[in-house]
Amino acid sequence: MSGVLEHATRLGPYRARVMGVEPLGGLALVRVELDSRTEVGVPGQFHMLSNPAGRDYLSRPVGLIELDGGVGFVVDQASAAADMAGPEIAVLGPLGRGFDLSETNAETTLLVAAGFGLTVMAGIGRMHRHIRLIAGLRQSDHLPLLECITGVTNDAPRIAPDLVTEPLIEALASGRYTQVLAAGPTGLGTAVARICADHGVASQVALEAPMACGFGACNGCVVPLDGTWLRCCIEGPVVDGARLLA
Amino acid sequence: MSGVLEHATRLGPYRARVMGVEPLGGLALVRVELDSRTEVGVPGQFHMLSNPAGRDYLSRPVGLIELDGGVGFVVDQASAAADMAGPEIAVLGPLGRGFDLSETNAETTLLVAAGFGLTVMAGIGRMHRHIRLIAGLRQSDHLPLLECITGVTNDAPRIAPDLVTEPLIEALASGRYTQVLAAGPTGLGTAVARICADHGVASQVALEAPMACGFGACNGCVVPLDGTWLRCCIEGPVVDGARLLA
Amino acid sequence: MSITVGRLALAQPLLNGSGTWDAEQAHRLFGEANPGLAGFVTKTITPEPRVGNPAPRIAPARQGLLNSIGLPGPGREAFLATLLPHLRTIVDGPIICSVGGFSLADYVDTVAALDDDPACAAIELNVSCPNVESGCASIGGDAGETERLTAAARRATTKPLFVKLSASVADIAVIAMAAEAGGADALVCVNTVKATAVDRRSGKSWFGGGGGGLSGASIRPVALHAVVACREATQLDIVGLGGVECADDVRDLVAAGASAVALGTALFRNPALACAITADLAS
Amino acid sequence: MSITVGRLALAQPLLNGSGTWDAEQAHRLFGEANPGLAGFVTKTITPEPRVGNPAPRIAPARQGLLNSIGLPGPGREAFLATLLPHLRTIVDGPIICSVGGFSLADYVDTVAALDDDPACAAIELNVSCPNVESGCASIGGDAGETERLTAAARRATTKPLFVKLSASVADIAVIAMAAEAGGADALVCVNTVKATAVDRRSGKSWFGGGGGGLSGASIRPVALHAVVACREATQLDIVGLGGVECADDVRDLVAAGASAVALGTALFRNPALACAITADLAS
Ligand SMILES: Cc1cc2nc3c(=O)[nH]c(=O)nc-3n(C[C@H](O)[C@H](O)[C@H](O)COP(=O)(O)OP(=O)(O)OC[C@H]3O[C@@H](n4cnc5c(N)ncnc54)[C@H](O)[C@@H]3O)c2cc1C
Ligand SMILES: Cc1cc2nc3c(=O)[nH]c(=O)nc-3n(C[C@H](O)[C@H](O)[C@H](O)COP(=O)(O)OP(=O)(O)OC[C@H]3O[C@@H](n4cnc5c(N)ncnc54)[C@H](O)[C@@H]3O)c2cc1C
Ligand SMILES: Cc1cc2nc3c(=O)[nH]c(=O)nc-3n(C[C@H](O)[C@H](O)[C@H](O)COP(=O)(O)O)c2cc1C
Ligand SMILES: Cc1cc2nc3c(=O)[nH]c(=O)nc-3n(C[C@H](O)[C@H](O)[C@H](O)COP(=O)(O)O)c2cc1C
Ligand code: FES
Ligand code: FES
């Protein structure tokens with residue numbers, strides 16, 4: 001009967017082995033060894049993670065980060081301890097739409113990200129070394145998260161209440177950038193999309209929303225898109241910035 | 001304010017450190033280091049145990065066993081893995097009435113116990129070396145449990161469907177015994193009490209019942225006593241066998 | 001932070017849920033009858049002595065407890081003659097007497113008797129126990145019956161009158177308004193949620209008798225909904241309970257509209273929980 | 001092991017709960033529309049297109065999920081013209097169409113339209129959704145309304161007619177009997193349980209709109225109670241659901257009286273769960 005199981009899904013969930021949990025300030029980097037059937041996906045895609053023995057009933061979406069010698073993800077320390085500390089977790093993905101990187105290059109593309117949205121930028125940095133990143137963080141003890149985002153050239157990170165939108169406006173004023181790739185909560189995405197539109201610059205935005213399933217089944221993850229509420233996990237998480245302004 | 005906490009209860013729950021989990025056939029011996037405020041109590045008393053990070057929402061009653069160099073308790077392997085594997089568990093007790101051992105001696109007292117009831121007999125065996133024990137087990141892979149019950153002299157253990165009542169009847173027929181101390185599920189207790197009454201022999205029986213609190217608050221643990229339903233945790237778990245026959 | 005719930009003054013906002021704490025046993029075992037609690041809510045008192053349901057009476061649930069206790073107790077007379085006087089000597093703070101029964105007269109007679117007794121500070125009408133074959137929940141499941149009973153009890157006492165509601169109703173707001181119309185001083189939300197356990201082989205109820213009720217963390221969002229609905233529908237003060245385990249759970253219920261909060265099932269794991277939460281709330 | 005529920009034949013006893021599986025997305029992502037399921041129950045169809053409630057629509061609970069989705073969907077016409085034909089090409093087994101609305105006519109019109117469509121194998125009346133401001137649950141909370149609606153739907157279709165009940169009622173047996181009197185073929189027990197989450201600071205509802213419902217392991221004993229009560233009160237077949245996560249949970253519901261069992265929230269963690277449970281049940 002195990003054929004039934006294999007047959008059911010191309011995506012999983014498959015098991016991943018937790019190889020270690022490293023503190024990153026108030027956050028934690030969880031290193032995992034993925035099942036051979038699980039792919040990392042393209043930047044902007046996500047995976048639903050859960051630990052059957054953990055505290056949380058639902059899976060949560062996270063962005064996997066390719067590390068030197070492995071794969072990992074970042075969550076807050078409490079979640080890491082209660083849900084992701086292994087030995088095995090379940091991983092479903094990659095899910096959702098990632099960034100369209102066909103026009104991306106380090107010269108004319110600018111990255112803007114805040115919070116867990118930063119994790120998305122690691123993959124882009126690996127492809128386009130020295131691409132410029134404007135990073136925002138909710139609190140200063142999240143600063144060590146930036147250690148995982150290699151490849152990029154960081155501006156001085158903004159810590160709330162400082163906003164990433166200020167340096168973004170300055171940067172776009174230079175006229176150098178033709179495209180902005182952003183990742184963060186919906187509020188940030190909308191602000192970035194608005195500023196880009198005002199400057200005639202293209203934007204792609206990776207949104208965040210609470211998700212129960214990650215694959216279109218629950219209708220729980222809606223974000224304001226095209227003037228209505230659409231599922232972030234299916235329509236996104238990466239969307240064309242213009243859709244946030246409709 | 002921590003004074004409020006200390007002040008609240010003489011009993012706990014206090015933390016215990018899990019020192020190790022050893023397989024005992026289908027069961028497991030969990031070795032713990034008790035908080036200095038937690039006493040082991042007299043044989044027949046019990047402790048409510050829970051692991052805040054464990055699978056089970058409720059605490060469960062268990063009998064603590066004094067081991068050479070420490071204290072432990074026995075649960076099935078699944079429970080040990082899911083709930084008691086530590087690092088810290090909460091322990092409330094000792095609770096309930098234990099055996100009255102004032103008339104007990106290895107010559108004229110006979111022990112009868114089945115299942116987890118056997119754990120109670122370890123304490124009596126330590127006080128009265130070579131006291132005779134008729135042991136019953138639900139399945140043969142529970143046999144290693146007897147390794148923890150030191151001090152006693154074991155009859156060949158009975159494995160279900162063999163009953164402990166058969167050797168009990170033979171033993172009482174010898175006329176040697178004036179008192180039987182028994183521990184096990186209510187059905188066993190009632191059977192032992194009945195046989196003892198028939199032979200004019202005194203009996204004390206440690207009963208088992210599902211318990212939510214262990215200290216009289218929930219009214220959940222009732223057993224048929226004195227012709228009515230009474231709380232096992234408060235009236236017992238050790239009761240005079242005659243009360244089971246009322 | 002002293003508060004008032006339905007005209008009853010409490011030194012702080014924590015109580016126990018009826019039937020989830022035994023002040024006598026606690027006093028005997030822990031040296032205090034109601035450690036950390038602002039008062040004590042008694043087990044529901046029925047007119048006649050009751051043995052309660054046969055075993056088994058409890059079953060574990062994921063993040064919860066199922067019970068089918070069936071209101072065992074000494075009955076009204078013994079309660080008034082023996083238990084209440086003894087409770088008065090050991091309990092710190094007001095004693096709230098929970099009253100149950102199987103007919104309107106059952107309730108009213110007990111309420112009238114309690115009205116004469118200075119040891120009783122307030123009366124809680126349990127119209128929501130799912131574990132007895134008739135009465136109780138069938139009253140609290142019906143707005144008309146709830147109003148009639150509350151009004152009759154109101155006439156029988158000047159003491160603060162609480163009505164304890166069930167979430168196992170189509171619209172708790174309607175029942176809450178009925179209790180308000182009947183003259184209640186406060187609402188207690190919620191009793192256990194109708195639920196059961198079955199024996200996997202026979203399909204028969206797991207319990208020895210009666211229905212079952214679910215308590216503990218599982219019902220916390222259900223209790224929260226009940227408190228919000230009652231706050232929106234009435235002017236009454238509310239005692240919130242259902243799955244409370246920590247200071248944040250207390251804060252949630254207070255944010256939702258509760259003036260006081262009661263601990264139930266969580267006390268079974270930790271009899272010092274009220275003390276721990278009180279310390280947390282103060283810090 | 002093929003079975004029949006309310007005149008509908010199923011190759012095996014597992015279905016999905018309405019609104020907890022999207023066959024189109026599953027087909028796109030997993031290559032199969034309903035892996036491990038005997039058929040497919042659609043998201044509840046409303047007469048008009050609906051956007052659903054604003055975000056946030058979900059909140060985590062201990063051993064459960066709170067949702068306030070609010071029945072988003074393309075509306076009846078687009079469902080019949082586009083979605084249902086497409087589902088018919090990808091779904092393996094019968095398609096059960098869940099029907100919702102805000103008035104009796106809403107339901108009856110959709111039922112009549114579905115009656116003409118061979119792609120629809122059975123109809124499920126959702127009279128128990130707690131997440132929309134009016135309709136639905138207010139019908140299923142009232143025996144008279146339930147009977148009237150069921151009878152009207154019965155007149156509009158000869159297809160197997162299921163009625164999906166809420167556990168958030170005072171006596172589910174009374175509602176079940178009303179559905180039976182109205183001519184239902186089977187009952188579906190249960191929808192989410194009325195519940196909510198609040199913002200701890202403001203005390204306001206956590207959700208963007210509408211009420212909330214609790215699903216997942218937390219409500220398993222509540223579903224079990226509903227199935228037992230409906231089995232005792234009626235002759236109808238029952239689809240049991242609520243917190244099912246493993247083969248033993250299926251066995252419990254079947255022991256309690258369910259002929260088929262549906263998976264909901266648990267599918268969110270594991271889209272292959274139905275396959276895993278089917279394998280387990282067979283072993
Ligand atoms: C595409 C994508 C990628 C992501 N990548 C990452 C990542 O790499 N790492 C990461 O850690 N996170 C990531 N997130 C966010 C992640 O899914 C979780 O939201 C985050 O980890 C916080 O989880 P938590 O349980 O600690 O949050 P909590 O703050 O405990 O909240 C959990 C949920 O509860 C809700 N909630 C909070 N308070 C209440 C209340 N009072 N009542 C009811 N509900 C409440 C919140 O909305 C949230 O949905 C990503 C999200 C998306 C969509
Ligand atoms: C004084 C005393 C001493 C004890 N000492 C020990 C000890 O030393 N070690 C030990 O392991 N145990 C001991 N027990 C028993 C212990 O408390 C537990 O009952 C036992 O550990 C089994 O736990 P479990 O969760 O694995 O049981 P499970 O078999 O999973 O059952 C847990 C509970 O669920 C109930 N249940 C089972 N099936 C169903 C169903 N379908 N629906 C609803 N409810 C169901 C059972 O009645 C039981 O209460 C003692 C009990 C008492 C009273
Ligand atoms: C074992 C037990 C016994 C109870 N007995 C009563 C009772 O006698 N009267 C009453 O009104 N509520 C009774 N309740 C309900 C509780 O007071 C409380 O309303 C319910 O358990 C929800 O709170 P909790 O989740 O914190 O336990 C009882 C609950 C439990 C678990
Ligand atoms: C996100 C979500 C959406 C739902 N949508 C519907 C719906 O549209 N119609 C319906 O009848 N039930 C709906 N339900 C209820 C489920 O079908 C099911 O009855 C309930 O979730 C209990 O089962 P579970 O605990 O296995 O999830 C929904 C439940 C969830 C969690
Ligand atoms: S997370 Fe379930 S639909 Fe998007
Ligand atoms: S276990 Fe709670 S009263 Fe005995």
Side-chain angles (χ1 to χ4, degrees), chain A residues 1-15 48-52 54-61 79 83 89-96 185-187 207-235, chain D residues 16 19-26 28-32 34-36 43 49 51-73 208-209 215-218 243 245 264-283:
Chain A
M1 283 302 269
S2 86
V4 181
L5 255 171
E6 295 307 315
H7 172 61
T9 160
R10 295 201 311 257
L11 281 180
Y14 297 116
R15 301 280 145 185
M48 295 298 289
L49 261 65
S50 63
N51 181 343
R55 167 202 63 177
D56 280 359
Y57 190 65
L58 299 168
S59 311
R60 78 169 77 205
S79 302
D83 277 316
I89 57 177
V91 178
L92 177 74
L95 294 162
T186 307
L207 300 173
E208 278 173 31
M211 294 184 178
C213 70
F215 52 87
C218 75
N219 256 296
C221 61
V222 289
V223 286
L225 269 186
D226 304 337
T228 183
W229 294 101
L230 295 178
R231 285 173 284 186
C232 182
C233 68
I234 293 295
E235 303 282 332
Chain D
N16 65 290
T20 65
W21 188 255
D22 184 321
E24 281 189 305
Q25 294 301 337
R28 190 172 71 75
L29 284 167
F30 310 138
E32 272 186 89
N34 54 332
K43 175 87 188 156
V51 170
N53 291 336
R57 290 182 177 179
I58 53 175
R62 283 284 280 282
Q63 297 292 318
L65 166 68
L66 290 158
N67 89 76
S68 177
I69 305 291
L71 301 181
S215 63
S218 289
E245 290 179 345
T265 306
L267 288 169
F268 298 161
R269 263 189 316 196
N270 180 1
L273 184 64
C275 305
I277 291 183
T278 303
D280 250 22
L281 287 173
S283 74

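Numbers restart at 1 for each chain; the letters A, B, ... are given by sequence-line order, proteins then strands.
- Contacts of D/Leu273 with chain A are absent, with no heavy-atom separation under 4.5 Å from either backbone or side chain.
- Going from atom CG of A/Leu230 over to atom SG of A/Cys232 covers 10.0 Å, rounded to the nearest 0.5 Å.
- Between D/Asn270 atom CG and D/Leu267 atom CG the span is 8.0 Å, to the nearest 0.5 Å.
- In this structure, the separation between CD on A/Glu235 and CG on A/Asp226 is 7.0 Å, given to the nearest 0.5 Å.
- Of the inter-residue distances, the one linking A/Asp56 atom CG with A/Leu58 atom CG reads 7.5 Å to the nearest 0.5 angstrom.
- Residues of residues 212-220 of chain A having a heavy atom under 4.5 Å from any heavy atom of chain D, listed by number: A/Ala212, A/Cys213, A/Phe215, A/Gly216, A/Ala217, A/Cys218, A/Asn219, A/Gly220.
- Residues forming a side-chain hydrogen bond (donor to acceptor under 3.5 Å, both in side chains) with D/Asp22 (at least two apart in sequence, or on another chain): A/Arg231.
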Side chains of residues 59-72 of chain D: which donor-acceptor partners sit under 3.5 Å, not counting sequence neighbours?
unit_1  : atom_1 : unit_2   : atom_2 : d
D/Arg62 : NE     : C/Gln63  : OE1    : 3.0
D/Arg62 : NH1    : C/Glu245 : OE1    : 3.2
D/Arg62 : NH2    : C/Gln63  : OE1    : 2.6
D/Gln63 : OE1    : C/Arg62  : NE     : 3.0
D/Gln63 : OE1    : C/Arg62  : NH2    : 2.6
D/Asn67 : OD1    : D/Ile69  : N      : 3.2
D/Asn67 : OD1    : D/Asn131 : ND2    : 2.7
D/Ser68 : OG     : D/Asn53  : ND2    : 3.1
D/Ser68 : OG     : D/Gly209 : O      : 2.5
D/Ser68 : OG     : D/Gly211 : O      : 2.6

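- The distance from the CZ atom of A/Arg60 to the CE atom of A/Met48 is 10.0 Å, given to the nearest 0.5 Å.
- Here D/Ala55 is the residue among D/Ala55, D/Gly52, D/Pro56, D/Ala23 with the most heavy-atom pairs under 4.5 Å with chain A.
- Under the salt bridge (charged side-chain N to carboxylate O under 4.0 Å, His left out) criterion, A/Arg55 pairs with A/Asp83, not counting sequence neighbours.
- In this structure, the portion of D/Thr265 lying under 4.5 Å from any heavy atom of chain A is its side chain and not its backbone.
- Highest contact tally toward chain A, considering only D/Pro54, D/Ala26, D/Gly264, is held by D/Pro54 [criterion: heavy-atom pairs under 4.5 Å].
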